[in-house]
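Read the numbers this way: they start at 1 and go in the same order the structure lists the ligands and their atoms.
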Amino acid sequence: MDFEFTNICVEAAGRLILQNVSGTLKPGELLAIMGPSGAGKTTLLNTLNGRKQFSGSILVNGSPLNKAIKRNMCYVLQQEYFFGNLTLNDTLQFTAMIRLPEEMSRENKMARMNAVVKALQLEGCLGTIMGDMFTPGLSGGERKRANIACELLRDPAIIFLDEPTTGLDSSTSASLMSLLKAYAVQERKTVIASIHQPSSQIFFQFDKLLLLSGGQVAYFGLTENVVDHFQSVGVEIADDYNPADFILEALAESAEVREKLLHAANGSIRAGPIEKFSVTEQNNGKNLLDKVSEKFTKKKANTTEETSGMDPGSVRMSLLDLDNDLDAKDSVTNDNQKWPTGFWTQYSQLTIRTFKQSRSRILTVNKCAENLLVCAFVCLIFFQLPRTEDTLRDRMGAVFFIAAHWSFTPLFDAVTSFPMERMVINKERLAGWYRLSAYYLAKMTSELLLILIQPLVFVILAYWVINLNGIAAFFATLGTVMLNSVAGQSFGLFVGIACLQVNQAMTVSITFQMAIMLLGGLFTRNIPVFIDWMKYLSFLYYSFHSLMVLEFEHAQPVKCSSSSNSSVFLVCQETNVTSIPSHMVLEYYDITWSYWQYILPLLLFTVIFRVLGYITLRYFRKPF
Ligand SMILES: Nc1ncnc2c1ncn2[C@@H]1O[C@H](COP(=O)(O)OP(=O)(O)OP(=O)(O)O)[C@@H](O)[C@H]1O
């Protein structure tokens, strides 16, 4: 697509950070935006792809930027944000499935993916994990190419890249740029990249150069003409110098050179419209010709008449116009759809991805071993507890421990889960990959399964070894512990979403953990009245009490204390009474509600924190 920007001005904090920046680009051309640090490269890139407020005009095929055109653009960020445990294949498949239109078949999506993989020479590392700062995976160059591949999958007409070679060595940078150049020329893409001190090899891969200085244009034109241009304003570039290095150094070091260049650039802008020319005259593309023949067949008579007197150049211009025309029509159709894929596709793809990513976080060998060890310890300490008054505190302790352990383990896991993926999700939300609701629902459901496996195993083992209330209460205990885990996870997710820093989230969670432990019902029975209401805010209070109801409501009698005088139950102090009905324990500890009365607030907690998490993410943690 033709890309033209004229007199772009951007203001921030009361000062103009871009002033009258103009340029044009044709399909198949690469534009480098260069300039010293702070010159406005990133601001310009963000403005050109519609992420910043500006004055001036940006035209794509003659039309101002709109949603449909923006969907035909892509922005490759300088920083790559990926899920580190997924392979490149997983990552690209997910991207293809979610970003390519719903109407496209899975086979075609995979074919597109394979073509991009081939174009960027990524075939050899499809099975490698993306990696992160803790886990080694793709190399720096492969990650850069993977980042570009995720954007190219959509087949955008205009590609923006923010410093694509930063962090790469010179030969990897050069090969990346030549791949990109070949791709742009072959596929007739318009490429705009900000770039920092490129080697001369990379520098001359770009067709045009836009040199910025203090937010103003110091040069716009063919890259190959920049040396002559500098000479024309009296700045000689030494033969053995990399021109890219030289012009940046000259701009930064000499105010005089800067003034001369700005003056010359301003003069050329005032003198008339900025140059419009195409570097790549060849290759109008097979699709285009197909479209032309279709349109021309329909209007055969007119076409013959209209084209008979044209020279080849003007026919080519007509073809380009027609391509633009067809693109514009496609754009109008696409504009009606807010997302490339439907809710169900987004939800299912996000569920698969979250499941794969979270599995490697939640079900690690370390975590499984840790839980088995804790379970073994609990089993040893509370081994086959007799149902007596003497061991009542131990029995309550075992119940409380199970409730507390299976609220806090999922809580702390969830607290760290969102901050770790925040950057990836923000990137994807900003680029409009999917609905937030699809992501949130997928995260809830895929992690639910994973979070429940460990308490399930734990309760199955510990319940019988401790000698809890037999088969009658077994399944209800299992269900209650799982609900308790989900409540803990809900709170953890909410905190993880609300706090921007992991350490902030951890501080909030630990404070909350301590408070709800104290208010949970085991440690304190006589809380001062003014603070007593707070126990109702502790979900552990509800899970502990519901488990106590299951343990004592319909259970074997509890044998009185061996010394009847020291029994806390008056009945036991009577002669001939050796045991008390189990439910008396509940009465003694003021556990007077029914099982469901404890379960409903637990359910409510789960729902409230999940909804709060969504609202926070949607309205208070918007990506920017
Ligand atoms: N939101 C903002 N508020 C105030 N000033 C801003 C804002 N954004 C950018 N600037 C200023 O605008 C100028 C251009 O910033 P920009 O990030 O575009 O430069 P750059 O050429 O990309 O720099 P670098 O090469 O160091 O990344 C800088 O002086 C910067 O401080």
(message) Run Lys41 and Asp162 through salt bridge (charged side-chain N to carboxylate O under 4.0 Å, His left out) and show every step you take.
(response) CA-CA 9 Å; Lys41 302 180 291 294; Asp162 189 13; over 6 Å; no
(request) Measure up the Phe512 and Phe491 rings against each other and bin them: parallel (under 30°), tilted (30 to 60°), perpendicular (over 60°). (result) parallel
(message) So Tyr434 and Ile425, do their side chains get closer than 4.5 Å, heavy atoms only?
(response) yes
(request) Identify, chain by chain and in numerical order, each protein residue with a heavy atom under 4.0 Å from an atom of ligand 1. (result) Ala12, Ala13, Arg15, Ile17, Pro36, Ser37, Gly38, Ala39, Gly40, Lys41, Thr42, Thr43, His196
(message) So which atom in Val21 and which in Gly215 form the shortest heavy-atom distance, rounded to 0.1 Å?
(response) CG2-O, 3.6 Å
(message) Is the positively charged end of Lys427 above the ring of Phe82, judged by distance under 6.0 angstrom from the centroid and angle within 45° of the axis?
(response) yes
(request) Verify the neighbour count for atom CD of Gln231: are there more than 12 heavy atoms of other residues, nucleotides or ligands below 6.0 Å? (result) yes
